[in-house]
2 protein chains.
Amino acid sequence: MGLLSKSTEYALRAVLYVASRKDAKYVSIREISDELGVSFHFLTKILQRLTRKGLVVSYRGPGGGVALARPAGRITLMDIVEAVEESDLFTSCILGLAGCGEKKPCPLHGQWARERTGLGKMFRQTTIAKLAGHVVRDKLRLADG
Amino acid sequence: MGLLSKSTEYALRAVLYVASRKDAKYVSIREISDELGVSFHFLTKILQRLTRKGLVVSYRGPGGGVALARPAGRITLMDIVEAVEESDLFTSCILGLAGCGEKKPCPLHGQWARERTGLGKMFRQTTIAKLAGHVVRDKLRLADG
DNA sequence: CTATTTTCAGACATCACAGTCTGAAATTGG
DNA sequence: CCAATTTCAGACTGTGATGTCTGAAAATAG
């Protein structure tokens, strides 16, 4: 099992792509799906979710597309993950036990809680701006290959 | 998305349960599924996988059931995960990009690689014996509630 | 040998995620 | 107004993980 769902992977890649071309006003979903090599219609649904959540703004018609709703430096990975992913990786028990916590821990609770905290910190502290800058400077790819 | 699949969660809980009752020679799958509160038939399939992989030995007939194939101190969480889980969480790209690695990293590669290493260490260094001991000593539960 | 208990094996059903398709609504440009 | 472009909306299908069911095979006890 991957850490993130396909939907979340695509959402992150799409947002990073948009951020990495901040010269453009709106970036069309068709361009994004072509560049990322993913299904146009599927990506459309995912980006609509981000639009409804207010992370992205969209515009219809020629020259339209999507753009970030706020500066990339104020959007974190966690913002995207929470908007798309439903199950909460950062609070649930690694053995899937309901009610696992400090009071009634599962045998792995302590160790998993530590790892989970580190992961959460990474997602909360990393901004789209930082990664998009990384992409532009080092010419990193957002597609397979 | 959870970190582990349901199958892997059940496998870990079942193995921990068996290890925590090391007085018994064989523990029947019926007893395990009752104690864990999971489907008997589903758990049977998962334990058969562990049997085929050589982590567990089984015996049919009255008084039969499953037992650990080697001392719990020589079975790690990683052993179980690798036997049940197919996709490899500990080597794949967090954005799902094929060919992501040190040479052609995705923008998140560095950060994810660090977290991933910590996770892998936890799974590789933690033995069933340690956790089962934890369960027995502190009377921890392996079922919901 | 017979009946019971248990794992083994595989078919089948169910469900969520992933992906496809068609058409409506909005916007632009001529 | 008209045609083209693009997002929005939702129905539909495919696929793999999850879960259920039935019966065979092995072992035990009487």
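Labels below follow one simple rule: chain letters A, B, ... track the order of the sequence lines, proteins then strands, and each chain is numbered from 1.
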Are any side-chain N or O atoms of A:Arg70 and backbone N or O atoms of A:Ile75, one a donor and one an acceptor, separated by less than 3.5 Å? no
Within the sub-3.5 Å range, which N or O atoms of nucleotides 21-23 of chain C have a protein N or O partner, and how far apart are they?
residue, atom, partner, partner atom, Å
C:dC21, N4, A:His41, ND1, 3.3

Using side-chain hydrogen bond (donor to acceptor under 3.5 Å, both in side chains), reason through B:Gln125 and B:Thr76 one step at a time and then give a plain yes or no. CA-CA 7 Å; B:Gln125 295 180 344; B:Thr76 67; over 6 Å; no
Indicate, with yes or no, if A:Tyr17 and A:Val57 share a hydrophobic cluster defined by side-chain heavy-atom contacts under 4.5 Å among Ile, Leu, Val, Met, Phe, Trp and Tyr. no
Would you say that B:His109 contacts B:Lys104 through its side chain, given a criterion of any heavy-atom pair below 4.5 Å between the two side chains? no
Note, DNA chain C 5' to 3' with Watson-Crick or G-U pairs under 3.5 Å encoded as ( ), [ ], | and . gives ||||||||||||||||||||||||||||||
Within the structure, does a side-chain N or O atom of B:Ser7 lie under 4.0 Å from either OP1 or OP2 of D:dT18? yes
Close approaches to DNA chain D from residues 20-36 of chain B, in residue order (heavy atom, under 4.0 Å): none
B:Val136 reachable from B:Leu12 in the ILVMFWY side-chain graph, under 4.5 Å edges: no
Nearest to side-chain heavy atoms of B:Arg52, which nucleotide of C:dA9, D:dT20, C:dC17: C:dA9
Of all the choices, D:dG19, C:dT20, D:dA17, which nucleotide is nearest to the side chain of B:Tyr10 once you look at every atom? D:dG19
Take A:Phe42 and A:Val38 through the side-chain contact (heavy atoms from CB on, under 4.5 Å) test and state the conclusion after the steps. CA-CA 8 Å; A:Phe42 190 35; A:Val38 307; over 6 Å; no
Does anything in residues 30-47 of chain A pair up under salt bridge (Lys or Arg N to Asp or Glu O under 4.0 Å), and if so which pairs, sequence neighbours excluded? A:Arg21-A:Glu31
Short heteroatom pairs, N/O only, protein and nucleotides 28-30 of chain C, under 3.5 Å:
residue, atom, partner, partner atom, Å
C:dT28, OP1, A:Tyr59, OH, 3.3

Who are the ring-ring contact (aromatic ring centres under 6.0 Å, His included) partners of B:Tyr26, not counting sequence neighbours? B:Tyr59
Heavy-atom side-chain proximity of B:Leu47 to B:Ile32 below 4.5 angstrom: yes
Answer with base, sugar-phosphate or nothing: what part of the nucleic acid does A:Glu86 contact at a heavy-atom distance below 4.0 Å? sugar-phosphate
What verdict does the side-chain contact (heavy atoms from CB on, under 4.5 Å) test give for B:Leu97 and A:Arg13, after you've listed the backbone C-alpha separation in whole Å, the side-chain angles of each residue and the deciding distance to 0.1 Å? CA-CA 10 Å; B:Leu97 299 188; A:Arg13 290 165 62 194; 3.5 Å; yes
